[in-house]
Amino acid sequence: MTAQGKYNPAAVESRWQKFWEDNKTFKSVEDQDREKYYVLEMFPYPSGRIHMGHVRNYSITDLVARYKMMRGFNVLHPMGWDAFGMPAENAAIQRGVHPATFTYENIDYMKKQLKAMGFSYDWERELATCDPEYYRWEQWLFLKMYEGGLAYQKKSFVNWCDECQTVLANEQVIAGRCWRCDREVVPREINGWFFKITEFAEDLLDYLEKLPGWPERVLTMQKNWIGKSYGARIEFPLAEGDGSIPVFTTRQDTVFGATFMVLAPEHPLTIELSRGTSQEKEVDGFVERMLKTDRIKRSSEDYEKEGVFVGAYCKNPFTGHEMPVFAANFALMEYGTGAVMAVPAHDQRDFEFAKKYGLPIIVVISPESSNLSADEMTEAYVEDGVLVNSGAFNGMNNRAAMDAIIDDLEKKHLGNRTVNYRLRDWGISRQRYWGAPIPIVYCDRCGVVPVPPEQLPVLLPLDVTVTGEGGSPLVSHEPFVKTTCPSCAGPARRETDTMDTFVESSWYYARYSCPDYDGGMVDGKRVDYWLPVDQYIGGIEHAILHLLYSRFYSRVMERFGLVKYREPFTRLLTQGMVIKDGAKMSKSKGNVIDPDDMIKKYGADTTRLFMLFASPPEKELEWSDQGIDGSFRFLNRLWRIIVDNMDVIKKGKGFPGDGSAITQRGVDLRRKTHQTVKKVTEDIEERFHFNTAIAAVMELLNEMYAFVGQGKDVGPADAAVFRDAGMKAVLLLSPAVPHIAEELWGVLGQKPSIVTVPWPVWDEELAKSDEITIVVQVNGKVRGRLSVGADASDEEIRERAISDEKVTGYITGKEIKNVIVVPKKLVNIVVIQ
RNA sequence: GCGAGAGUGGCGGAAUUGGUAGACGCGCUGGACUUAGGAUCCAGUGGAUCCUUCCGUGGGGGUUCAAAUCCCCCCUCUCGCACCA
């Protein structure tokens with residue numbers, strides 16, 4: 001090995017990257033005799049270049065992967081591409097590049113970047129979701145879901161993004177705006193395909209408690225998103241005719257105070273009830289206006305309550321009172337039944353609406369100690385209390401009344417106890433080109449016909465021109481659209497919607513177990529060995545979207561007997577963003593740090609080290625030019641402490657190390673070495689605190705410098721200690737900075753690859769110091785420090801503390817009330833002042 | 001508004017179970033080496049100070065021998081949800 005000179009990252013890194021590639025160091029093979037560990041990062045969209053967020057994510061994941069390899073696990077650590085999506089189409093529109101060309105060129109470039117970072121991927125398992133061999137199985141599962149009633153088509157009001165010219169799922173609307181382009185979302189009525197995620201709402205919620213390895217934050221977000229609430233479904237009969245209006249309420253205790261009915265503008269009854277009444281025109285105008293209003297305006301809380309009488313009445317089933325039916329902007333079609341029983345006395349929204357339109361307010365819950373008067377109220381009373389104006393329920397506490405009223409409802413067949421979820425079915429139709437075609441055919445004679453599985457994949461045609469005008473180019477692509485009906489062989493049209501790209505990312509982690517398998521979606525034997533993912537790492541921005549969809553998809557796959565697990569990700573780490581000057585890096589701010597530049601300037605190891613050291617993984621990481629300088633300096637220090645002290649290291653080699661000739665400074669360094677091994681292991685294993693793990697090795701290096709700084713004329717026993725410290729430092733850092741670690745491992749005379757070397761162990765006895773420092777406090781204030789033997793008894797420590805000269809000044813002449821001895825740590829002498 | 005999390009030197013951050021607040025790194029100051037240093041090494045670095053003591057983990061109270069850590073109130077920031085009936 002020729003490494004005597006300066007640390008040269010470029011040379012070191014390319015050498016070892018080639019070595020790993022040539023030796024297939026990271027190829028993973030199923031081995032039933034070995035315990036597996038599946039570690040995964042969220043795969044990237046091939047946008048063109050890797051950014052610092054990726055680098056941070058993958059540096060963390062790679063550390064875990066390499067650490068687990070050294071711990072003897074059979075590690076699966078794959079990489080692939082979330083390759084369908086809009087940016088490819090935008091590139092086609094703006095630059096005339098075909099989405100496929102754009103995508104595959106980006107994959108090539110980004111793959112080079114990832115290789116230059118030295119990540120330990122098994123590249124033989126690489127997959128791209130735009131590959132027909134991948135999406136054919138997604139289409140196959142779609143057919144199973146269709147057959148099993150988990151995929152269905154319906155006409156409904158959906159979230160439409162004009163910018164992206166497509167429908168969005170609820171999860172993809174962030175504060176009323178498109179998750180991708182930030183355009184305000186508008187309602188639009190469209191016929192589209194849905195996945196029945198609501199069928200699993202209860203199970204998805206239940207299992208959140210069985211995911212102890214997930215961050216609390218993500219669990220809470222998912223729980224809120226699913227939004228389970230307990231209440232009642234109540235039928236309000238129409239005043240005229242036979243029909244009724246069902247509502248969902250969580251406040252059935254207030255039902256006697258329901259004085260009017262509110263429908264969502266999109267509710268079918270809104271238009272229906274107004275037909276033939278004098279309100280017809282006004283209702284039409286109102287509904288039309290509401291449907292044009294974007295979601296932000298409609299859903300903002302300070303937006304004024306507004307509505308229109310639809311010209312009909314229903315009856316309160318408990319009081320028999322007639323209730324006028326209104327359509328109003330604040331009623332949401334997508335929650336409950338789209339109809340609200342309005343109780344103005346006890347709901348703030350209903351109150352405001354009633355005041356505006358002069359509707360009656362009836363108090364039905366009274367505070368324990370005072371009386372409410374409907375005329376004098378300035379806001380709704382939403383607290384607990386006692387029922388009044390509520391017939392047989394008068395005098396009952398309202399919490400108790402909730403159950404009693406449901407019982408009564410059920411007895412009278414007016415309604416029933418029910419739970420409602422906020423979660424909606426997942427709309428997966430996208431009116432876009434660059435996605436997986438939905439395998440459905442429309443036949444004039446047979447209607448909706450699924451493509452037979454043996455005809456899969458339905459290939460996305462590549463001979464199209466994407467112009468960005470007139471919707472998806474598939475619609476006008478005759479050879480694609482025109483087909484024959486699989487059922488009657490007559491003329492038929494293909495579905496031109498493609499699937500939401502979140503469908504691909506909902507199962508890619510399972511496909512990594514067997515990316516080459518052509519006998520089905522997953523190879524049972526291999527998927528059973530590798531799955532579930534033991535540790536998943538990615539950004540918090542997917543807390544709901546991708547992570548909820550994946551949990552749904554694993555349930556679907558489980559139901560069809562494809563996999564045996566229910567939860568796909570046992571442990572989840574959500575790493576924080578990389579920011580600069582307190583803000584997210586973005587092209588428009590011009591504050592983007594390019595990983596390529598960092599590799600060129602410092603090398604991959606320095607870049608990785610900084611990502612791991614600057615902040616604990618789940619927190620934001622503030623980019624610092626000086627910080628990365630510091631990481632580079634540290635690796636140079638690591639380099640030099642080995643390379644510049646080869647004389648000492650050689651002297652220590654082969655020394656049996658019976659400890660007889662070891663000096664005090666040798667003992668100290670040996671202790672520090674063992675303490676460092678312990679600290680680093682525990683920080684990685686138990687806490688994922690890589691920053692403190694690296695800090696511990698920095699401390700060890702500082703001691704090593706101090707050791708040789710006292711002169712290199714050391715005996716063989718001390719030299720052996722120094723050599724051991726160097727080897728341990730290299731091993732401990734190797735998951736973080738693998739290239740320099742491999743190189744120095746060679747310098748130390750060892751054989752590659754360092755990932756095959758067992759993780760170092762520490763000796764608890766050697767890690768213990770024989771002298772410990774005891775802090776002496778008087779009345780809680782530090783007044784002195786004692787150095788005592790590690791095995792000193794509490795009594796001995798107590799005596800020495802009381803007689804310590806620094807302490808006596810504070811206690812002489814005062815009555816000692818109490819002496820607290822915390823073993824091996826501290827003595828607190830309590831005196832009366 | 002509801003829910004979750006956070007607030008520690010000039011900066012990033014440590015303090016794992018209530019027990020030495022500020023590990024480690026950056027920056028800064030001084031020194032050594034040097035033609036030179038933006039290299040390297042060494043030392044110092046929370047604040048105040050009558051120089052041996054006081055103050056100090058967003059603010060105020062409390063529990064405790066002992067609180068960054070536990071409890072109560074308040075302030076600020078970040079994130080999520082946001083007319084969810």
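Below, chain A is the first sequence line, B the second, and so on; all start at residue 1.
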Roughly how far apart, to the nearest Å, are [N] and [M] at atom [atom1]?
N: rG58(B); M: rG44(B); atom1: C1'; answer: 30 Å
N: rG3(B); M: rA82(B); atom1: P; answer: 16 Å
N: rU35(B); M: rG25(B); atom1: P; answer: 30 Å
N: rG62(B); M: rC51(B); atom1: C1'; answer: 35 Å
N: rG18(B); M: rG13(B); atom1: C1'; answer: 22 Å
N: rG46(B); M: rC81(B); atom1: C1'; answer: 40 Å
N: rU16(B); M: rC11(B); atom1: C1'; answer: 25 Å
N: rC79(B); M: rC71(B); atom1: P; answer: 26 Å

Using distance alone, with no hydrogens and no angle criterion, decide if [X] and [Y] have a side-chain donor and acceptor under 3.5 Å apart.
X: T198(A); Y: D425(A); result: yes
X: N224(A); Y: R422(A); result: no
X: Q172(A); Y: R180(A); result: no

Rounded to the Å, how far apart are [X] [atom1] and [N] [atom2]?
X: L612(A); N: rC24(B); atom1: CG; atom2: C1'; answer: 15 Å
X: L701(A); N: rA23(B); atom1: CG; atom2: P; answer: 18 Å
X: M290(A); N: rC83(B); atom1: CE; atom2: C1'; answer: 13 Å
X: K619(A); N: rG5(B); atom1: NZ; atom2: C1'; answer: 11 Å
X: H689(A); N: rA23(B); atom1: NE2; atom2: P; answer: 18 Å
X: I772(A); N: rU20(B); atom1: CD1; atom2: C1'; answer: 13 Å

Does N691(A) make a side-chain N or O approach to OP1 or OP2 of rA23(B) shorter than 4.0 Å?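 False: N691(A) side-chain N/O out of range (4.0 Å or more) of rA23(B) OP1/OP2.
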Output yes when [X] and [Y] qualify as a salt bridge under the 4.0 Å nitrogen-oxygen rule, no when they do not.
X: R251(A); Y: D347(A); value: no
X: R217(A); Y: E618(A); value: no
X: E622(A); Y: K580(A); value: no
X: D683(A); Y: K679(A); value: yes
X: R671(A); Y: D668(A); value: yes

Which of the following nucleotides, [options], is nearest to the side chain of [X]?
X: E699(A); options: rA85(B), rA23(B), rC41(B); value: rA23(B)
X: R783(A); options: rA85(B), rG13(B), rC54(B); value: rC54(B)
X: T692(A); options: rG19(B), rA85(B), rA23(B); value: rA23(B)
X: R349(A); options: rA15(B), rA85(B), rC24(B); value: rA85(B)
X: V340(A); options: rA23(B), rG25(B), rA85(B); value: rA85(B)
X: T220(A); options: rA15(B), rC41(B), rA4(B); value: rA4(B)
X: Y335(A); options: rC83(B), rC84(B), rC24(B); value: rC84(B)
X: K679(A); options: rG12(B), rA14(B), rU16(B); value: rU16(B)

Conformer about C1'-N of rG9(B) - syn within 90° of 0, anti elsewhere: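 Classified syn.
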Determine, for Y230(A) and R417(A), whether the Lys NZ or Arg CZ falls below 6.0 Å from the six-membered ring centre while staying within 45 degrees of the axis.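 No.
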Does S615(A) or N636(A) map to a spot on RNA chain B nearer the 5' end, using the closest nucleotide for each?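 Checking each residue's closest nucleotide, the 5'-ward one belongs to S615(A).
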Using the closest heavy atom to pick a nucleotide of RNA chain B for each, name whichever of G336(A) or E686(A) lands nearer the 5' end.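 In this pair, the answer is E686(A).
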Report yes or no: does Y335(A) contribute a side-chain atom to a donor-acceptor pair with the main-chain N or O of Y421(A) at less than 3.5 Å?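 Checked: no pair found.
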Heavy atoms only, 4.0 Å cut-off, all strands: where does [X] land among base, sugar-phosphate and nothing?
X: N702(A); value: sugar-phosphate
X: R633(A); value: sugar-phosphate
X: T249(A); value: sugar-phosphate
X: E622(A); value: nothing
X: Y810(A); value: sugar-phosphate

For nucleotides 78-81 of chain B, print each protein N/O atom paired with a nucleotide N/O atom at under 3.5 Å, atom names and distance only.
| unit_1 | atom_1 | unit_2 | atom_2 | d |
| --- | --- | --- | --- | --- |
| rC79(B) | O2' | R217(A) | NH1 | 3.3 |
| rC81(B) | O3' | R422(A) | NH1 | 3.2 |

Can you find an N or O donor on one side and an acceptor on the other, under 3.5 Å apart, linking the side chain of K781(A) with the base of rU53(B)?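 Absent.
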Of all the heavy-atom pairs spanning M402(A) and T250(A), show the shortest one and how long it is.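 Taking every non-hydrogen atom into account, CE-O, 3.8 Å.
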Contact list (N/O, under 3.5 angstrom) for nucleotides 64-68 of chain B vs protein:
| unit_1 | atom_1 | unit_2 | atom_2 | d |
| --- | --- | --- | --- | --- |
| rC65(B) | O2' | N828(A) | ND2 | 3.1 |
| rC65(B) | O2 | N828(A) | ND2 | 2.7 |

So does K356(A) have more than 12 non-hydrogen atoms from other groups sitting under 6.0 Å from NZ?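 Yes, because the 6.0 Å sphere around NZ of K356(A) holds more than 12 heavy atoms from other groups.
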